[in-house]
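Below is one structure, written out as structure tokens; the observations come after it.
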Protein chains: 2
Amino acid sequence: MKLSTKGRYGLRALIDLALYSEEEAVSIQSISNRQNISVSYLEQLVAKLRKAGLVQSVRGANGGYRLAKPSDEISVGDILRALEGNLDAVTCSGNQEHSTCEGADLCVTRFVWQRINESITQAVDTMMLSQLVEESRELRDKGQICNQKCEN
Amino acid sequence: MKLSTKGRYGLRALIDLALYSEEEAVSIQSISNRQNISVSYLEQLVAKLRKAGLVQSVRGANGGYRLAKPSDEISVGDILRALEGNLDAVTCSGNQEHSTCEGADLCVTRFVWQRINESITQAVDTMMLSQLVEESRELRDKGQICNQKCEN
DNA sequence: GTAATTCCGACTGTTTTACTCGGATTTCTC
DNA sequence: GAGAAATCCGAGTAAAACAGTCGGAATTAC
């Protein structure tokens with residue numbers, strides 16, 4: 001029931017990327033320096049974000065990444081799902097037609113998993129990257145940007 | 001970000017227990033028969049529920065378990081936390097005083113984890129075992145009790 | 001005394017996590 | 001064209017978590 005480092009680091013990385021990619025593409029190396037995450041691990045994370053269509057890459061020297069669409073069109077849910085896969089706490093196979101869970105709609109616990117899943121979905125899909133970026137910018141301007149010891 | 005079988009099986013087991021323990025204590029063997037979960041694994045799960053004060057044991061022959069308190073005083077959150085531990089998707093150490101996350105309240109992502117955690121907490125703590133038992137009873141009386149193929 | 005039961009800790013195979021590493025490819029700059 | 005700075009990609013690996021099983025001790029009804 002825990003979010004892995006993929007989701008935690010990946011969200012930090014993408015906020016960083018959004019924050020610094022206005023003028024030029026942001027390299028993985030520079031994210032690594034600021035966020036204290038290894039270059040090789042970041043490569044993996046950013047690859048997932050790219051495959052999900054959240055960032056675009058610019059290859060070659062002076063290359064890097066930038067957002068593939070405006071930050072107010074990217075939800076935290078989009079980001080976490082790209083990194084972690086399905087966020088459902090329990091993936092009840094009952095949504096498909098002929099699933100293994102034949103009495104799906106009769107399953108009492110199913111009601112429970114659905115409510116949990118819905119509440120998570122609702123939470124992550126209503127938070128937008130733009131909000132986080134804005135908040136980050138405010139803190140940065142006040143000189144209060146989160147230091148490196150924070151690992152979440 | 002998934003609930004393990006501990007939480008999934010354990011909730012099913014406790015609903016079953018609540019449903020059948022009105023007259024006499026329910027043995028692990030009988031839960032196993034109805035719910036199709038191995039006796040040895042159930043022992044582990046029920047031990048957790050007992051240590052959390054949700055069920056009481058009756059030792060010896062004809063022994064078994066019953067609820068330690070009324071089913072409307074036991075929330076799904078109580079049950080899942082007993083089985084899975086803390087349900088927070090990210091356990092930000094920042095709640096303690098001198099945590100390793102010094103800039104805790106400045107951490108932008110922290111805001112995200114908090115919202116996710118709160119939404120999960122809200123969902124699980126407002127669902128009561130009594131509701132689930134009632135719903136189960138209705139289905140059972142209609143002869144529609146979930147068959148064994150449902151594994152959630 | 002015996003059978004039914006809870007209680008308990010140790011053990012084990014499998015899967016997932018959290019990474020690292022080596023090298024191929026692309027592109028800018030000189 | 002050479003070299004450096006990047007992305008891109010797949011494979012590998014140690015450690016942890018998961019999903020159980022197993023053997024046996026303790027308790028109690030009959």
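Computed from a predicted model, the values in this text were never measured in an experiment. Below, read A as the first sequence line, B as the second, and so on, with proteins coming before strands; counting in each chain starts at 1.
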(request) Tell me yes or no: between the side chains of Arg12(B) and Gln35(B), is some donor less than 3.5 Å from an acceptor? (result)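 Yes, Gln35(B) and Arg12(B) have a side-chain donor paired with an acceptor closer than 3.5 Å.
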(request) State, without any angle test, whether Asp88(A) and Thr91(A) hold a side-chain donor-acceptor pair at a distance under 3.5 Å. (result)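 No, Thr91(A) and Asp88(A) have no side-chain donor paired with an acceptor closer than 3.5 Å.
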(request) For Lys51(A) and for Gly60(A), find the nucleotide of DNA chain D with the closest heavy atom, then tell me which residue's nucleotide is more 5'. (result)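 Its nearest nucleotide being more 5', the pick is Gly60(A).
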(request) Specify the residue among Met1(A) and Gly64(A) whose closest nucleotide of DNA chain D lies further upstream toward the 5′ end. (result)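 With Met1(A) and Gly64(A) compared, the 5'-side residue is Gly64(A).
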(request) Could you tell me which residues satisfy side-chain hydrogen bond (donor to acceptor under 3.5 Å, both in side chains) with Ser38(A), sequence neighbours excluded, listed by chain and number? (result)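 Result, side-chain hydrogen bond (donor to acceptor under 3.5 Å, both in side chains) vs Ser38(A): none returned.
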(message) Among residues at least two apart in sequence or on other chains, which ones pass side-chain hydrogen bond (donor to acceptor under 3.5 Å, both in side chains) with Gln29(A)?
(response)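 Gln29(A) satisfies side-chain hydrogen bond (donor to acceptor under 3.5 Å, both in side chains) with Asn33(A) only.
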(message) Counting the atoms with a prime plus P, OP1 and OP2 as sugar-phosphate, which does Gln44(A) contact under 4.0 Å by heavy atoms, base, sugar-phosphate, or nothing?
(response)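 Here Gln44(A) touches the bases of the nucleic acid.
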(request) For Gln29(B), report the nucleic acid contact type (base, sugar-phosphate, nothing); a contact means any heavy atom under 4.0 Å. (result)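 If one applies the 4.0 Å heavy-atom cut-off, Gln29(B) turns out to touch nothing in the nucleic acid.
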Residues 118-130 of chain A side chain polar contacts: donor-acceptor under 3.5 Å, at least two apart:
from, atom 1, to, atom 2, distance (Å)
Ser119(A), OG, Ile116(A), O, 3.0
Ser119(A), OG, Ser119(B), O, 3.3
Thr121(A), OG1, Asn117(A), O, 2.8
Asp125(A), OD1, Arg81(A), NH2, 2.4
Asp125(A), OD2, Arg81(A), NH2, 3.1
Thr126(A), OG1, Gln122(A), O, 2.9
Thr126(A), OG1, Ala123(A), O, 3.2
Thr126(A), OG1, Arg115(B), NH2, 3.0

(message) Quick check on DNA chain C: between Asn62(A) and Leu3(A), whose nearest nucleotide comes earlier from the 5' end?
(response)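 Result of the comparison: Leu3(A).
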(request) Map Ala61(B) and Tyr65(B) onto DNA chain C by nearest heavy atom, then report which one ends up closer to the 5' terminus. (result)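 Here Ala61(B) is the residue nearer the 5' end.
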(message) Does any part of the side chain of Val26(A), heavy atoms only, come nearer than 4.5 Å to the side chain of Arg34(A), both counted from C-beta?
(response)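 Answer yes - side chains close enough.
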(message) With a 4.5 Å cut-off on side-chain heavy atoms, are Lys69(A) and Leu54(A) touching?
(response)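 A side-chain contact under 4.5 Å exists here.
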(message) Need two values: the first and the last nucleotide of DNA chain D, 5' to 3', having an atom under 4.0 Å from any heavy-atom of chain B.
(response)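 Extent of the interface on DNA chain D: dA19(D) to dC30(D).
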(message) Once side chain to side chain contact (heavy atoms under 4.5 Å, CB included) is applied, do any residues pair with Glu135(B), and if so which ones, sequence neighbours excluded?
(response)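 Testing Glu135(B) for side chain to side chain contact (heavy atoms under 4.5 Å, CB included), a comparison that skips the adjacent residues, returns Val108(A), Phe111(A).
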(message) Students should find this one: the first and last nucleotides of DNA chain C, 5' to 3', lying under 4.0 Å from a heavy atom of chain B. What are they?
(response)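 Taking any atom under 4.0 Å from a heavy atom of chain B, the span is dA4(C) to dC8(C).
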